[in-house]
Amino acid sequence: MTDLRLASLRQAVPDLRLQTDAADLEHYGRDWTRRWTPAPLAIALPSTVQQVQAVMRWSAAENVAVVPSGGRTGLSGGAVAANGELVLSLERMNKALDYDPVDRTLVVQAGMPLEAVHNAALEHGLIYPVDFAARGSCSIGGNIATNAGGIRVIRYGNTREWIAGLKVVTADGELLELNKGLVKNSSGYDFRQLLIGSEGTLGVIVEATLKLTDPPPASNVMLLAIPSFEVLMQVFAAFRARLQLQAFEFFTDKALRHVLAHGAQAPFDEVHPYYVVTEFAAGDEAQEAAAMAAFEDCMGNGWVSDGVISASDAQAAQLWRLREGITEAVARYKPYKNDVSVRISAMPAFLAETQALIGEAYPHFEVVWFGHIGDGNLHINVLKPDDTGDAEFLQQCEHVTKLLAAVLARFGGSISAEHGIGLVKKDYLGSTRGAAEIALMKAVKRAFDPQARLNPGKVFDS
Ligand code: FAD
Ligand code: MLT
Ligand code: ZN
């Protein structure tokens with residue numbers, strides 16, 4: 001059966017690179033979640049848009065499910081292929097195609113790694129500002145499909161803000177050209193925005209027209225030690241009032257301990273409950289003075305216990321490592337990840353309630369908190385205790401997420417701020433989206449993909 005399908009795929013798309021080695025099936029069938037056993041039919045690695053179209057036409061004819069795949073750094077199981085799907089990897093379509101200095105846009109293929117996009121923008125003296133630690137391995141297509149956020153959302157917004165156009169192959173192999181790089185376009189529904197964040201369930205993104213912008217003036221990175229979460233928001237307000245913030249990220253002492261155990265250098269002699277890494281424009285004396293004034297005010301009010309400011313790019317990188325290294329540092333504890341958001345002003349109340357709730361239900365859990373606090377986005381990582389089996393741990397974490405979802409519903413928050421729903425959070429979609437909204441989402445899915453062949457079972461069951 002399998003061989004017949006692959007034979008027909010080879011016939012339908014003769015030049016397509018197809019891989020079926022056990023190691024490849026394993027490698028391409030999973031993402032960073034590592035929770036599901038990979039079991040794809042095969043891996044297709046097209047090199048042209050026409051090949052992607054031909055693969056989707058074949059998928060329609062043979063009724064085979066397809067999982068669009070980027071760098072598989074996703075944290076929600078969106079790119080997992082565990083049910084005999086064809087993995088459609090965009091990794092060979094990884095080039096910049098065009099740059100327009102008047103529009104200040106860069107056209108790229110979907111498989112281009114985010115870091116390569118950054119470098120291509122810099123070649124034109126501009127930046128593509130969405131950025132986060134997986135930059136070397138994630139793809140721009142995956143970023144768009146998850147509407148990735150990252151460390152500079154406070155200044156530049158999410159991926160959604162930076163997409164001027166998309167080329168998308170539909171479930172039936174049609175090519176849609178969405179928005180074509182236009183700044184203004186009020187000609188009806190904006191399918192470009194619908195595709196952004198659709199997690200591979202509505203179409204395969206093959207090309208994107210990215211907006212670029214000017215690089216920031218020289219910036220400084222500061223690490224602050226904070227005595228309590230309540231005052232952390234005061235520090236945020238004080239810094240935001242005086243400075244053009246590019247990042248305002250937080251982590252706890254527990255998170256720091258894991259990063260230090262992973263080889264980073266301790267920033268302070270003493271241990272503090274919370275830390276903030278903030279980055280701000282510091283191109284002139286007035287901005288430098290504003291930064292010092294914000295820092296001194298906060299010290300004077302007892303909102304900040306200590307601080308260090310980068311004096312070189314190397315030091316800035318060292319400070320960033322303390323925040324960006326957390327995901328890698330805790331990976332060996334098979335963390336169960338929650339990626340939630342509430343309004344920024346609601347963060348202290350939300351965190352206090354959630355901390356109490358998890359602490360009461362599962363006092364033995366080590367919970368590592370960190371995230372994009374300036375965006376109201378918390379990453380709540382529950383680490384697996386050594387003496388708890390995988391299945392039991394998962395059951396307990398699902399219970400935690402259920403409790404969390406109820407709190408989120410009350411706060412009007414989101415069960416996924418930036419990682420996507422994928423497989424891991426689909427049971428909790430209703431905590432964030434109303435029943436009528438979910439019914440409409442399913443109707444949209446049916447309109448784009450009536451046979452439910454594109455990433456089936458992700459976001460919701462089709
Ligand atoms: P994949 O994991 O391959 O896929 C993700 C989803 O997109 C899947 O549903 C897949 O089917 C779909 N998809 C992929 N390519 C396409 C395409 N061409 N067309 C249609 N659908 C497609 N995320 C953040 O938002 N902010 C962060 O700060 C952040 N930090 C991270 C740090 C680390 C160390 C790691 C490991 C991950 C981090 N992530 C972060 C999560 C992840 O990197 C992002 O979700 C990223 O956007 C995924 O890109 P990818 O190419 O790896 O996508
Ligand atoms: C981060 O902000 O570091 C990422 O979203 C990764 C994670 O949540 O582990
Ligand atoms: Zn994040």
Side-chain angles (χ1 to χ4, degrees), residues 129 131-133 149-157 215-257 259-260 264-326 343-348 351-352 369-379:
D131 192 19
F132 49 92
I151 55 176
R152 297 207 173 78
V153 170
I154 192 172
R155 170 78 176 91
Y156 296 106
S219 53
N220 273 335
V221 177
M222 201 183 255
L223 181 75
L224 304 169
I226 315 277
S228 77
F229 196 80
E230 287 69 29
V231 300
L232 202 156
M233 302 322 282
Q234 315 280 12
V235 177
F236 175 55
F239 270 69
R240 186 144 82 161
R242 291 183 188 252
L243 296 163
Q244 190 178 66
L245 295 182
Q246 277 155 206
F248 196 85
E249 301 273 312
F250 112 115
F251 50 94
T252 57
D253 168 46
K254 274 189 188 146
L256 179 64
R257 268 191 272 144
V259 181
L260 297 183
Q265 259 183 8
F268 303 116
D269 294 337
E270 283 176 38
V271 167
H272 303 271
Y274 298 98
Y275 301 90
V276 160
V277 175
T278 180
E279 189 180 273
F280 44 84
D284 58 34
E285 274 177 25
Q287 287 168 326
E288 299 265 358
M292 281 326 292
F295 178 71
E296 278 160 15
D297 272 6
C298 290
M299 284 288 280
N301 285 326
W303 298 340
V304 164
S305 328
D306 207 345
V308 49
I309 191 161
S310 61
S312 64
D313 286 352
Q315 273 181 14
Q318 252 177 16
L319 295 180
W320 264 119
R321 185 183 169 191
L322 302 175
R323 162 65 184 90
E324 291 207 304
I326 299 170
R343 279 177 301 112
I344 304 169
S345 57
M347 293 239 85
L351 187 102
W369 303 80
F370 60 100
H372 317 283
I373 204 73
D375 315 329
N377 178 188
L378 276 177
H379 294 312

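Sequence positions, counted from 1, serve as the residue numbers for this chain.
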CZ/Phe248 to CE/Met222 distance, rounded to the nearest 0.5 angstrom? 10.5 Å

Grab the two heavy atoms, one from Asn220 and one from Ile309, that are nearest each other, plus how far apart they are. ND2-CD1, 3.8 Å

Would you compute the distance between atom CH2 of Trp369 and atom CD1 of Ile326 and round it to the nearest 0.5 angstrom? 13.5 Å

Do you know which two heavy atoms are closest between Pro267 and Leu256, and how far apart they sit? CD-CD2, 4.2 Å

Find the distance between CG (Leu378) and CZ (Phe250) and round it off to the nearest 0.5 Å. 5.5 Å

Residues passing the salt bridge (Lys or Arg N to Asp or Glu O under 4.0 Å) test with Arg155, sequence neighbours excluded, are none

Sorted by chain and number, sequence neighbours left out, side chain to side chain donor-acceptor pair (under 3.5 Å) with Arg152 holds for Asp131, Glu279

Thr252 side-chain N/O to Tyr274 backbone N/O, donor-acceptor pair under 3.5 Å: no

Side chain to side chain donor-acceptor pair (under 3.5 Å) filter on Glu324, not counting sequence neighbours, yields Arg135

What pairs with Asp253 under side chain to side chain donor-acceptor pair (under 3.5 Å), at least two apart in sequence or on another chain? Arg257

By side chain to side chain contact (heavy atoms under 4.5 Å, CB included) - contacts of Pro217 (at least two apart): Ala281

Could you tabulate the donor-acceptor pairs under 3.5 Å formed by side-chain atoms of residues 287-302, not counting sequence neighbours?
| from | atom 1 | to | atom 2 | distance (Å) |
| --- | --- | --- | --- | --- |
| Gln287 | OE1 | Gly283 | N | 2.6 |
| Gln287 | OE1 | Asp284 | N | 3.2 |
| Asp297 | OD2 | Arg242 | NH2 | 2.5 |
| Asn301 | ND2 | Asp297 | O | 3.3 |

